[in-house]
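Here is the structure we will look at, set down as C-alpha coordinates.
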Amino acid sequence: MTQLRRIEGDLWEIPREGRMKVPGRVYAVGPPAPDDPALEQVKNVAHLPGILRFSLAMPDIHWGYGFPIGGVAAVDADAGAISPGGVGYDINCGVRVITTGLDAEELRPRLHPVAAQLYRDIPTGVGASRAIPRLDDAELDGVLRDGARWAVRRGFAAASDDAERCEEGGRLAGADPEAVSPRARQRGADQVGTLGSGNHFVEVDRIAEIHDPRAAEAFGLEPGRVAIQIHSGSRGLGYQVCDESLAALAPRLAGYGPDYAALPDRQLACAPISSPEGRRYLGAMQAAANFAWANRQVMTGLAVRAFLHALRISERELGARLLYDVCHNVAKHEEHEIDGVPRRVLVHRKGATRAFGPGDPRVPAPYREVGQPVLIPGDMGRYSYVLAGTAKAMRDTFGSSCHGAGRLLSRGEALRRARGRSIARELADRGIEIIARGKKTLAEEMSEAYKDVARVVAVMDGAGISRLVARLEPLAVIKG
DNA sequence: ATGTCC
(Lines give C-alpha, C1' and ligand atoms only; values in the text may rest on other atoms or scores of the structure.)
Protein backbone atom coordinates (compact mmCIF):
# COMPACT_ATOMS: atom_id res chain seq x y z
CA MET A 1 0.00 0.00 0.00
CA THR A 2 1.31 3.42 -0.96
CA GLN A 3 0.54 6.51 1.10
CA LEU A 4 -0.75 9.37 -1.04
CA ARG A 5 -1.42 13.00 -0.25
CA ARG A 6 -3.20 15.31 -2.65
CA ILE A 7 -1.13 18.41 -3.50
CA GLU A 8 -3.68 20.02 -5.83
CA GLY A 9 -5.96 18.95 -8.67
CA ASP A 10 -4.53 15.79 -10.29
CA LEU A 11 -1.13 16.03 -8.56
CA TRP A 12 -0.43 13.64 -5.66
CA GLU A 13 2.56 13.20 -3.40
CA ILE A 14 4.03 10.01 -1.96
CA PRO A 15 5.70 11.22 1.24
CA ARG A 16 9.31 10.30 1.86
CA GLU A 17 9.69 7.30 4.15
CA GLY A 18 12.40 4.79 5.03
CA ARG A 19 15.44 5.25 2.78
CA MET A 20 13.64 7.25 0.09
CA LYS A 21 15.86 10.23 -0.79
CA VAL A 22 13.02 12.34 -2.17
CA PRO A 23 9.22 12.18 -2.18
CA GLY A 24 7.26 10.83 -5.13
CA ARG A 25 5.01 13.05 -7.22
CA VAL A 26 2.30 11.52 -9.35
CA TYR A 27 0.09 13.21 -11.95
CA ALA A 28 -2.93 10.96 -12.20
CA VAL A 29 -6.17 10.44 -14.10
CA GLY A 30 -8.52 10.19 -11.10
CA PRO A 31 -7.34 9.22 -7.61
CA PRO A 32 -4.35 6.78 -7.81
CA ALA A 33 -5.00 3.25 -6.51
CA PRO A 34 -2.85 2.77 -3.38
CA ASP A 35 -2.20 -0.88 -4.31
CA ASP A 36 -0.98 -0.04 -7.86
CA PRO A 37 2.43 -1.77 -8.20
CA ALA A 38 3.59 1.11 -10.44
CA LEU A 39 3.35 3.44 -7.42
CA GLU A 40 5.60 1.06 -5.48
CA GLN A 41 8.06 1.53 -8.35
CA VAL A 42 7.81 5.33 -7.99
CA LYS A 43 8.88 4.83 -4.35
CA ASN A 44 11.69 2.48 -5.38
CA VAL A 45 13.05 5.01 -7.86
CA ALA A 46 13.14 7.59 -5.02
CA HIS A 47 16.06 5.52 -3.62
CA LEU A 48 18.25 6.15 -6.68
CA PRO A 49 21.65 7.61 -5.68
CA GLY A 50 21.82 11.30 -6.53
CA ILE A 51 18.09 11.70 -7.32
CA LEU A 52 16.95 15.32 -7.13
CA ARG A 53 13.66 16.80 -5.88
CA PHE A 54 11.12 14.11 -6.79
CA SER A 55 10.58 10.67 -8.26
CA LEU A 56 7.97 11.69 -10.85
CA ALA A 57 5.17 9.81 -12.56
CA MET A 58 3.05 11.01 -15.47
CA PRO A 59 -0.67 10.20 -15.89
CA ASP A 60 0.05 7.34 -18.33
CA ILE A 61 2.11 5.52 -15.69
CA HIS A 62 2.10 1.74 -15.63
CA TRP A 63 4.30 -1.03 -14.30
CA GLY A 64 7.65 -1.54 -16.07
CA TYR A 65 11.07 -3.14 -15.63
CA GLY A 66 12.38 -1.56 -12.38
CA PHE A 67 11.18 1.95 -13.16
CA PRO A 68 7.54 2.59 -14.00
CA ILE A 69 6.74 3.47 -17.61
CA GLY A 70 5.71 7.11 -17.37
CA GLY A 71 8.47 7.80 -14.85
CA VAL A 72 10.94 10.69 -14.69
CA ALA A 73 14.02 10.79 -12.46
CA ALA A 74 16.72 13.47 -12.59
CA VAL A 75 20.01 12.76 -10.86
CA ASP A 76 23.05 14.92 -10.23
CA ALA A 77 25.26 14.68 -13.32
CA ASP A 78 28.40 14.07 -11.25
CA ALA A 79 27.30 12.25 -8.10
CA GLY A 80 24.23 10.47 -9.48
CA ALA A 81 23.54 6.99 -10.82
CA ILE A 82 22.55 5.93 -14.31
CA SER A 83 20.12 3.04 -14.64
CA PRO A 84 19.25 1.07 -17.81
CA GLY A 85 15.85 0.31 -16.24
CA GLY A 86 15.25 4.06 -16.12
CA VAL A 87 15.54 4.22 -19.90
CA GLY A 88 13.92 0.94 -20.86
CA TYR A 89 14.63 -1.82 -23.34
CA ASP A 90 13.67 0.26 -26.36
CA ILE A 91 16.28 3.01 -26.11
CA ASN A 92 15.00 6.23 -27.72
CA CYS A 93 11.71 4.78 -28.65
CA GLY A 94 10.08 7.96 -29.88
CA VAL A 95 7.64 9.57 -32.22
CA ARG A 96 7.65 12.16 -35.00
CA VAL A 97 4.95 14.04 -36.85
CA ILE A 98 5.35 15.08 -40.48
CA THR A 99 2.88 17.64 -41.77
CA THR A 100 1.78 17.70 -45.43
CA GLY A 101 -0.14 20.04 -47.70
CA LEU A 102 -2.65 17.33 -48.62
CA ASP A 103 -6.33 17.73 -47.86
CA ALA A 104 -7.64 14.77 -45.84
CA GLU A 105 -10.97 14.52 -47.64
CA GLU A 106 -9.26 14.58 -51.05
CA LEU A 107 -6.91 11.83 -49.90
CA ARG A 108 -9.62 9.61 -48.35
CA PRO A 109 -10.65 7.78 -51.57
CA ARG A 110 -6.98 6.97 -52.28
CA LEU A 111 -6.03 5.82 -48.82
CA HIS A 112 -5.75 2.16 -49.69
CA PRO A 113 -3.00 2.50 -52.29
CA VAL A 114 -1.11 4.87 -49.96
CA ALA A 115 -1.34 2.46 -47.02
CA ALA A 116 -0.39 -0.49 -49.21
CA GLN A 117 2.66 1.36 -50.53
CA LEU A 118 3.74 2.35 -47.00
CA TYR A 119 3.42 -1.29 -45.96
CA ARG A 120 5.48 -2.45 -48.94
CA ASP A 121 8.26 0.10 -48.43
CA ILE A 122 8.65 0.02 -44.63
CA PRO A 123 9.50 -3.43 -43.24
CA THR A 124 7.30 -4.24 -40.24
CA GLY A 125 7.17 -6.91 -37.55
CA VAL A 126 9.49 -8.32 -34.90
CA GLY A 127 12.44 -9.34 -37.04
CA ALA A 128 11.90 -6.78 -39.78
CA SER A 129 15.06 -5.94 -41.76
CA ARG A 130 16.45 -4.77 -45.09
CA ALA A 131 14.71 -1.46 -45.60
CA ILE A 132 18.05 -0.38 -47.04
CA PRO A 133 21.11 -2.51 -47.82
CA ARG A 134 22.89 -3.95 -44.78
CA LEU A 135 25.36 -1.41 -43.37
CA ASP A 136 29.06 -2.17 -43.05
CA ASP A 137 30.96 -1.28 -39.86
CA ALA A 138 31.99 2.18 -41.03
CA GLU A 139 28.42 3.14 -42.01
CA LEU A 140 27.03 1.77 -38.76
CA ASP A 141 29.59 3.87 -36.85
CA GLY A 142 28.16 6.87 -38.70
CA VAL A 143 24.63 5.91 -37.62
CA LEU A 144 25.68 5.42 -34.00
CA ARG A 145 27.61 8.70 -33.87
CA ASP A 146 25.34 11.00 -35.87
CA GLY A 147 21.77 9.67 -35.70
CA ALA A 148 19.31 11.59 -37.89
CA ARG A 149 22.21 13.62 -39.31
CA TRP A 150 23.71 10.43 -40.74
CA ALA A 151 20.44 9.73 -42.57
CA VAL A 152 20.33 13.29 -43.92
CA ARG A 153 23.97 13.13 -45.02
CA ARG A 154 23.41 9.80 -46.78
CA GLY A 155 20.39 11.08 -48.68
CA PHE A 156 17.75 8.99 -46.90
CA ALA A 157 15.90 11.94 -45.40
CA ALA A 158 12.90 13.70 -46.85
CA ALA A 159 14.45 17.15 -46.38
CA SER A 160 17.92 18.47 -45.61
CA ASP A 161 16.88 20.36 -42.46
CA ASP A 162 14.93 17.51 -40.81
CA ALA A 163 17.54 16.82 -38.12
CA GLU A 164 17.25 20.39 -36.83
CA ARG A 165 13.65 19.66 -35.87
CA CYS A 166 14.46 16.64 -33.75
CA GLU A 167 15.00 16.86 -30.01
CA GLU A 168 18.76 17.41 -29.52
CA GLY A 169 19.17 17.93 -33.26
CA GLY A 170 18.61 14.19 -33.78
CA ARG A 171 21.96 13.28 -32.24
CA LEU A 172 23.22 12.73 -28.70
CA ALA A 173 26.82 13.87 -28.33
CA GLY A 174 29.14 11.52 -26.50
CA ALA A 175 27.83 8.39 -28.21
CA ASP A 176 30.44 5.66 -28.11
CA PRO A 177 30.09 3.20 -31.01
CA GLU A 178 32.89 1.10 -29.46
CA ALA A 179 30.67 0.47 -26.42
CA VAL A 180 28.06 -1.21 -28.64
CA SER A 181 28.87 -4.94 -28.71
CA PRO A 182 29.46 -6.88 -31.93
CA ARG A 183 26.23 -8.76 -31.30
CA ALA A 184 24.21 -5.55 -30.92
CA ARG A 185 25.83 -4.20 -34.09
CA GLN A 186 25.06 -7.41 -35.92
CA ARG A 187 21.39 -7.06 -34.98
CA GLY A 188 21.27 -3.41 -36.01
CA ALA A 189 23.19 -3.54 -39.28
CA ASP A 190 20.14 -4.42 -41.39
CA GLN A 191 17.39 -2.85 -39.28
CA VAL A 192 17.80 0.85 -40.06
CA GLY A 193 14.53 2.02 -41.59
CA THR A 194 12.33 -0.72 -40.07
CA LEU A 195 9.23 -0.28 -37.93
CA GLY A 196 9.24 -3.20 -35.51
CA SER A 197 6.24 -4.48 -33.61
CA GLY A 198 4.13 -3.88 -30.49
CA ASN A 199 2.93 -0.32 -30.15
CA HIS A 200 5.09 0.91 -33.04
CA PHE A 201 3.22 2.23 -36.05
CA VAL A 202 3.15 4.44 -39.11
CA GLU A 203 -0.07 6.41 -39.28
CA VAL A 204 -1.72 8.72 -41.78
CA ASP A 205 -3.70 11.25 -39.77
CA ARG A 206 -6.18 14.05 -40.31
CA ILE A 207 -5.62 17.20 -38.28
CA ALA A 208 -9.04 17.06 -36.67
CA GLU A 209 -9.15 19.88 -34.16
CA ILE A 210 -7.10 22.91 -33.20
CA HIS A 211 -7.09 23.83 -29.51
CA ASP A 212 -4.50 26.60 -29.66
CA PRO A 213 -4.51 28.46 -33.00
CA ARG A 214 -1.36 30.48 -32.32
CA ALA A 215 0.74 27.44 -31.37
CA ALA A 216 -0.79 25.40 -34.20
CA GLU A 217 0.24 28.06 -36.69
CA ALA A 218 3.79 28.07 -35.36
CA PHE A 219 3.85 24.26 -35.65
CA GLY A 220 2.42 24.32 -39.19
CA LEU A 221 -0.74 22.40 -38.20
CA GLU A 222 -3.74 23.28 -40.34
CA PRO A 223 -7.17 21.75 -39.73
CA GLY A 224 -8.25 19.24 -42.37
CA ARG A 225 -4.73 18.59 -43.62
CA VAL A 226 -2.94 15.24 -43.62
CA ALA A 227 -0.10 14.46 -41.22
CA ILE A 228 2.10 11.37 -40.98
CA GLN A 229 3.08 9.93 -37.61
CA ILE A 230 5.95 7.49 -37.08
CA HIS A 231 6.48 5.71 -33.76
CA SER A 232 9.48 3.40 -33.47
CA GLY A 233 12.76 2.92 -31.62
CA SER A 234 16.19 1.32 -31.72
CA ARG A 235 14.99 -2.18 -32.64
CA GLY A 236 17.21 -5.18 -31.83
CA LEU A 237 20.30 -3.02 -31.35
CA GLY A 238 18.83 -1.01 -28.48
CA TYR A 239 17.34 -4.12 -26.89
CA GLN A 240 20.74 -5.81 -26.98
CA VAL A 241 22.48 -2.76 -25.45
CA CYS A 242 19.97 -2.68 -22.59
CA ASP A 243 20.11 -6.43 -21.99
CA GLU A 244 23.91 -6.60 -21.91
CA SER A 245 24.18 -3.49 -19.74
CA LEU A 246 21.78 -4.88 -17.15
CA ALA A 247 23.77 -8.12 -17.09
CA ALA A 248 27.00 -6.17 -16.60
CA LEU A 249 25.69 -3.82 -13.90
CA ALA A 250 23.54 -6.10 -11.73
CA PRO A 251 26.32 -8.22 -10.19
CA ARG A 252 28.43 -5.12 -9.40
CA LEU A 253 25.64 -3.21 -7.70
CA ALA A 254 26.64 -3.80 -4.06
CA GLY A 255 30.24 -2.82 -4.83
CA TYR A 256 29.34 0.79 -5.62
CA GLY A 257 28.52 1.57 -1.98
CA PRO A 258 25.78 1.31 0.66
CA ASP A 259 23.21 3.37 -1.26
CA TYR A 260 23.55 0.97 -4.17
CA ALA A 261 23.54 -2.16 -2.00
CA ALA A 262 20.34 -0.97 -0.29
CA LEU A 263 18.30 -0.40 -3.45
CA PRO A 264 14.89 -2.04 -2.93
CA ASP A 265 14.69 -3.80 -6.32
CA ARG A 266 17.36 -5.65 -8.32
CA GLN A 267 15.73 -4.28 -11.46
CA LEU A 268 16.93 -0.81 -10.46
CA ALA A 269 20.46 -1.99 -11.32
CA CYS A 270 22.55 1.12 -11.86
CA ALA A 271 26.06 2.49 -11.63
CA PRO A 272 27.65 5.82 -10.74
CA ILE A 273 27.61 7.92 -13.92
CA SER A 274 31.34 8.49 -13.38
CA SER A 275 32.20 4.76 -13.04
CA PRO A 276 33.67 2.84 -16.01
CA GLU A 277 30.49 0.73 -16.26
CA GLY A 278 28.24 3.78 -15.96
CA ARG A 279 30.15 5.60 -18.66
CA ARG A 280 30.13 2.57 -20.90
CA TYR A 281 26.35 2.20 -20.61
CA LEU A 282 25.89 5.94 -21.15
CA GLY A 283 28.02 5.86 -24.32
CA ALA A 284 26.26 2.76 -25.67
CA MET A 285 22.83 4.13 -24.76
CA GLN A 286 23.59 7.41 -26.54
CA ALA A 287 24.74 5.44 -29.61
CA ALA A 288 21.53 3.37 -29.53
CA ALA A 289 19.52 6.60 -29.22
CA ASN A 290 21.24 7.84 -32.36
CA PHE A 291 20.40 4.57 -34.10
CA ALA A 292 16.72 5.16 -33.29
CA TRP A 293 16.86 8.66 -34.80
CA ALA A 294 18.50 7.36 -37.96
CA ASN A 295 15.83 4.66 -38.05
CA ARG A 296 12.92 7.13 -37.86
CA GLN A 297 14.64 9.46 -40.32
CA VAL A 298 15.12 6.72 -42.93
CA MET A 299 11.49 5.65 -42.44
CA THR A 300 10.47 9.25 -43.04
CA GLY A 301 12.23 9.19 -46.40
CA LEU A 302 10.58 5.86 -47.24
CA ALA A 303 7.14 7.14 -46.18
CA VAL A 304 7.43 10.31 -48.26
CA ARG A 305 8.56 8.27 -51.27
CA ALA A 306 5.61 5.90 -50.75
CA PHE A 307 3.18 8.83 -50.84
CA LEU A 308 4.75 10.25 -54.01
CA HIS A 309 4.68 6.85 -55.69
CA ALA A 310 1.13 5.88 -54.65
CA LEU A 311 -0.43 9.25 -55.49
CA ARG A 312 1.83 10.07 -58.46
CA ILE A 313 2.39 13.59 -57.18
CA SER A 314 5.49 15.75 -56.87
CA GLU A 315 7.38 16.50 -53.65
CA ARG A 316 6.05 20.02 -53.94
CA GLU A 317 2.45 18.83 -54.13
CA LEU A 318 2.95 16.60 -51.09
CA GLY A 319 4.58 19.41 -49.11
CA ALA A 320 5.96 17.10 -46.41
CA ARG A 321 7.78 18.79 -43.55
CA LEU A 322 8.99 17.33 -40.29
CA LEU A 323 7.19 19.09 -37.44
CA TYR A 324 9.26 17.54 -34.64
CA ASP A 325 10.68 14.29 -33.26
CA VAL A 326 10.73 13.44 -29.54
CA CYS A 327 12.30 10.70 -27.42
CA HIS A 328 10.08 8.69 -25.12
CA ASN A 329 12.80 6.48 -23.57
CA VAL A 330 16.14 8.09 -22.81
CA ALA A 331 18.53 9.46 -20.19
CA LYS A 332 19.92 12.86 -21.14
CA HIS A 333 22.31 15.43 -19.77
CA GLU A 334 20.36 18.67 -19.39
CA GLU A 335 20.67 21.86 -17.44
CA HIS A 336 17.80 22.59 -15.04
CA GLU A 337 17.29 25.25 -12.41
CA ILE A 338 17.17 23.72 -8.93
CA ASP A 339 16.52 26.02 -5.96
CA GLY A 340 17.21 28.95 -8.28
CA VAL A 341 20.59 27.63 -9.40
CA PRO A 342 21.25 26.16 -12.90
CA ARG A 343 22.58 22.65 -12.48
CA ARG A 344 23.71 19.89 -14.83
CA VAL A 345 21.57 16.82 -14.31
CA LEU A 346 20.96 13.49 -16.01
CA VAL A 347 17.22 13.14 -16.65
CA HIS A 348 15.88 9.60 -17.05
CA ARG A 349 12.64 9.68 -19.02
CA LYS A 350 11.05 6.27 -19.41
CA GLY A 351 7.77 6.60 -21.22
CA ALA A 352 7.89 10.35 -20.80
CA THR A 353 8.42 13.24 -23.21
CA ARG A 354 10.63 16.28 -22.91
CA ALA A 355 8.36 19.36 -22.75
CA PHE A 356 10.58 22.45 -22.66
CA GLY A 357 8.79 25.75 -22.27
CA PRO A 358 8.66 29.02 -24.23
CA GLY A 359 11.88 30.96 -24.70
CA ASP A 360 14.17 27.99 -24.17
CA PRO A 361 17.19 28.14 -26.52
CA ARG A 362 17.05 24.32 -26.82
CA VAL A 363 13.71 24.61 -28.67
CA PRO A 364 14.01 25.19 -32.46
CA ALA A 365 13.68 28.89 -33.31
CA PRO A 366 10.31 28.65 -35.15
CA TYR A 367 8.67 27.12 -32.05
CA ARG A 368 10.56 28.98 -29.36
CA GLU A 369 7.86 31.52 -28.58
CA VAL A 370 5.18 28.88 -27.92
CA GLY A 371 7.27 26.08 -26.43
CA GLN A 372 8.50 22.71 -27.64
CA PRO A 373 6.11 20.48 -29.60
CA VAL A 374 5.12 17.58 -27.34
CA LEU A 375 3.92 14.66 -29.48
CA ILE A 376 1.53 12.24 -27.76
CA PRO A 377 0.29 9.24 -29.74
CA GLY A 378 -2.96 7.73 -28.50
CA ASP A 379 -4.31 4.41 -29.71
CA MET A 380 -4.89 3.33 -33.30
CA GLY A 381 -8.68 3.69 -33.19
CA ARG A 382 -9.17 7.08 -31.55
CA TYR A 383 -6.78 10.02 -31.70
CA SER A 384 -3.37 11.48 -30.88
CA TYR A 385 -2.40 14.92 -29.62
CA VAL A 386 0.16 17.63 -30.16
CA LEU A 387 0.86 19.76 -27.09
CA ALA A 388 3.36 22.48 -26.24
CA GLY A 389 5.81 22.58 -23.31
CA THR A 390 5.42 25.16 -20.55
CA ALA A 391 7.39 27.18 -18.02
CA LYS A 392 5.62 25.20 -15.28
CA ALA A 393 7.02 21.94 -16.65
CA MET A 394 10.49 23.49 -16.35
CA ARG A 395 9.80 24.29 -12.68
CA ASP A 396 7.96 21.13 -11.64
CA THR A 397 8.88 18.13 -13.85
CA PHE A 398 12.36 18.82 -15.25
CA GLY A 399 10.59 19.86 -18.45
CA SER A 400 8.75 16.55 -18.88
CA SER A 401 5.26 15.39 -19.83
CA CYS A 402 3.37 12.18 -20.58
CA HIS A 403 4.14 10.01 -23.64
CA GLY A 404 0.91 8.28 -24.62
CA ALA A 405 -2.31 6.71 -23.47
CA GLY A 406 -0.84 4.03 -21.23
CA ARG A 407 -2.09 0.45 -21.26
CA LEU A 408 -5.35 -0.38 -19.56
CA LEU A 409 -5.35 -4.14 -20.26
CA SER A 410 -2.45 -6.57 -20.21
CA ARG A 411 -1.56 -8.06 -23.57
CA GLY A 412 -3.08 -11.37 -22.44
CA GLU A 413 -6.34 -9.76 -21.35
CA ALA A 414 -6.53 -7.83 -24.64
CA LEU A 415 -6.09 -11.10 -26.59
CA ARG A 416 -8.89 -12.73 -24.58
CA ARG A 417 -11.26 -9.87 -25.27
CA ALA A 418 -10.43 -9.91 -28.98
CA ARG A 419 -11.25 -13.60 -29.35
CA GLY A 420 -13.91 -14.20 -31.98
CA ARG A 421 -13.69 -10.61 -33.22
CA SER A 422 -11.96 -9.03 -36.18
CA ILE A 423 -10.17 -5.94 -34.90
CA ALA A 424 -9.21 -5.05 -38.49
CA ARG A 425 -12.86 -5.09 -39.58
CA GLU A 426 -13.92 -3.05 -36.56
CA LEU A 427 -11.38 -0.39 -37.51
CA ALA A 428 -12.41 -0.55 -41.18
CA ASP A 429 -16.05 -0.06 -40.14
CA ARG A 430 -14.96 3.14 -38.44
CA GLY A 431 -13.35 4.32 -41.66
CA ILE A 432 -9.76 3.51 -40.66
CA GLU A 433 -7.60 1.77 -43.27
CA ILE A 434 -5.51 -0.78 -41.38
CA ILE A 435 -2.67 -3.00 -42.58
CA ALA A 436 -0.99 -5.16 -39.95
CA ARG A 437 1.54 -7.96 -40.24
CA GLY A 438 -0.01 -10.06 -37.49
CA LYS A 439 -3.51 -10.46 -35.99
CA LYS A 440 -1.99 -11.01 -32.55
CA THR A 441 -0.29 -7.60 -32.38
CA LEU A 442 -3.43 -5.97 -33.70
CA ALA A 443 -5.49 -7.54 -30.91
CA GLU A 444 -2.96 -6.56 -28.26
CA GLU A 445 -3.01 -3.00 -29.57
CA MET A 446 -6.77 -2.51 -29.95
CA SER A 447 -8.26 0.73 -28.67
CA GLU A 448 -9.90 -0.73 -25.60
CA ALA A 449 -6.51 -2.03 -24.39
CA TYR A 450 -5.52 1.60 -23.80
CA LYS A 451 -6.68 4.43 -21.58
CA ASP A 452 -8.37 7.32 -23.34
CA VAL A 453 -5.40 9.55 -24.23
CA ALA A 454 -7.74 12.58 -24.14
CA ARG A 455 -8.02 12.11 -20.39
CA VAL A 456 -4.26 11.69 -20.03
CA VAL A 457 -3.39 14.89 -21.91
CA ALA A 458 -6.21 16.72 -20.08
CA VAL A 459 -4.36 16.02 -16.83
CA MET A 460 -1.15 17.52 -18.25
CA ASP A 461 -3.04 20.51 -19.63
CA GLY A 462 -4.97 21.03 -16.40
CA ALA A 463 -1.80 20.85 -14.32
CA GLY A 464 -0.12 23.36 -16.65
CA ILE A 465 2.64 20.88 -17.60
CA SER A 466 1.84 21.08 -21.34
CA ARG A 467 -0.82 22.92 -23.33
CA LEU A 468 -3.17 21.25 -25.80
CA VAL A 469 -2.47 22.40 -29.36
CA ALA A 470 -4.15 19.97 -31.76
CA ARG A 471 -5.87 16.60 -32.07
CA LEU A 472 -5.02 14.16 -34.88
CA GLU A 473 -7.33 11.34 -36.00
CA PRO A 474 -6.17 8.21 -37.82
CA LEU A 475 -7.07 7.69 -41.49
CA ALA A 476 -4.72 4.75 -42.09
CA VAL A 477 -2.53 2.69 -39.76
CA ILE A 478 0.44 0.43 -40.55
CA LYS A 479 1.33 -1.97 -37.73
CA GLY A 480 4.00 -4.60 -37.18
C1' DA B 1 10.01 -3.21 -26.55
C1' DT B 2 12.61 -7.88 -28.23
C1' DG B 3 15.76 -12.88 -34.12
C1' DT B 4 8.98 -12.45 -27.69
C1' DC B 5 14.38 -18.65 -24.80
C1' DC B 6 21.67 -18.92 -27.40
Side-chain angles (χ1 to χ4, degrees), chain A residues 38 41 60-71 83-96 122-131 134-135 140 180-202 230-248 267 269 281 284-285 287-293 295-296 299 326-331 348-353 377 379-380 403-407 409-415 436-445 449-450 478-480:
Chain A
Q41 294 190 311
D60 49 337
I61 182 181
H62 52 115
W63 190 91
Y65 183 92
F67 284 55
I69 294 156
S83 175
V87 172
Y89 268 85
D90 192 2
I91 295 164
N92 192 9
C93 176
V95 67
R96 57 173 52 193
I122 300 175
T124 64
V126 177
S129 64
R130 300 267 183 106
R134 188 181 179 89
L135 302 177
L140 192 57
V180 178
S181 73
R183 191 161 161 207
R185 296 176 69 107
Q186 173 78 12
R187 292 183 69 171
D190 62 355
Q191 289 197 318
V192 174
T194 65
L195 185 64
S197 184
N199 63 3
H200 291 168
F201 63 80
V202 175
I230 299 175
H231 180 218
S232 185
S234 48
R235 310 287 289 104
L237 183 140
Y239 178 96
Q240 194 66 32
V241 166
C242 179
D243 208 38
E244 290 170 8
S245 302
L246 285 167
Q267 295 188 351
Y281 170 66
M285 186 273 298
N290 291 342
F291 181 95
W293 268 313
N295 186 34
R296 291 196 287 275
M299 275 189 278
V326 294
C327 316
H328 284 164
N329 282 7
V330 79
H348 296 75
R349 293 194 186 91
K350 181 189 193 178
T353 311
D379 63 78
M380 62 189 177
H403 88 306
R407 282 199 88 86
L409 307 179
S410 69
R411 292 178 187 279
E413 181 60 23
L415 286 175
R437 179 153 296 269
K439 285 204 179 88
K440 186 160 167 277
T441 303
L442 201 58
E444 289 170 350
E445 292 296 311
Y450 283 90
I478 311 301
K479 294 286 292 181

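Each chain gets a letter, A, B and so on, in the order the sequences are listed, and its residues count up from 1.
Straight-line distance from the CD atom of A/Gln186 to the C1' atom of B/dC6: 14 Å, rounded to whole Å. One can place CD of A/Glu244 at 13 Å from C1' of B/dT2, the figure rounded to the nearest angstrom. A/Arg183 has its CZ atom 16 Å from the P atom of B/dT2, to the nearest Å. Between the CD atom of A/Glu444 and the C1' atom of B/dT2 there is a distance of 13 Å, given to the nearest Å. The nearest whole Å value for the distance from the CD atom in A/Gln240 to the P atom in B/dC5 is 13 Å. If you measure from atom OH of A/Tyr89 to atom P of B/dT4, you get 13 Å, rounded to the nearest angstrom.
Summarising the local packing, CZ of A/Arg130 is surrounded by 12 or fewer heavy atoms from other residues, nucleotides or ligands at distances under 6.0 Å.
Within 4.0 Å (heavy atoms only), A/Glu445 reaches sugar-phosphate atoms of the nucleic acid but no base atom. Heavy atoms of A/Gly198 sit under 4.0 angstrom from primed sugar atoms or phosphate atoms, though from no base atom. Counting any heavy atom pair closer than 4.0 Å across all strands shown, A/Ser197 reaches sugar-phosphate atoms only and no base atom. Among the heavy atoms of the strands, none lies under 4.0 Å from A/Gly88.
Residue A/Val241 forms a side chain to side chain contact (heavy atoms under 4.5 Å, CB included) with just one option from A/Ile91, A/Val87, A/Leu246, and that option is A/Ile91.
Ring orientation note: the planes of A/His328 and A/His403 are nearly perpendicular, at an angle over 60° on the 30°/60° scale. Using cut-offs of 30° and 60° on the angle between ring planes, the pair A/His231 and A/His200 is perpendicular.
Residues A/Lys440 and A/His200 both approach DNA chain B. Their nearest nucleotides, taken by heavy-atom distance, put A/His200 toward the 5′ side.
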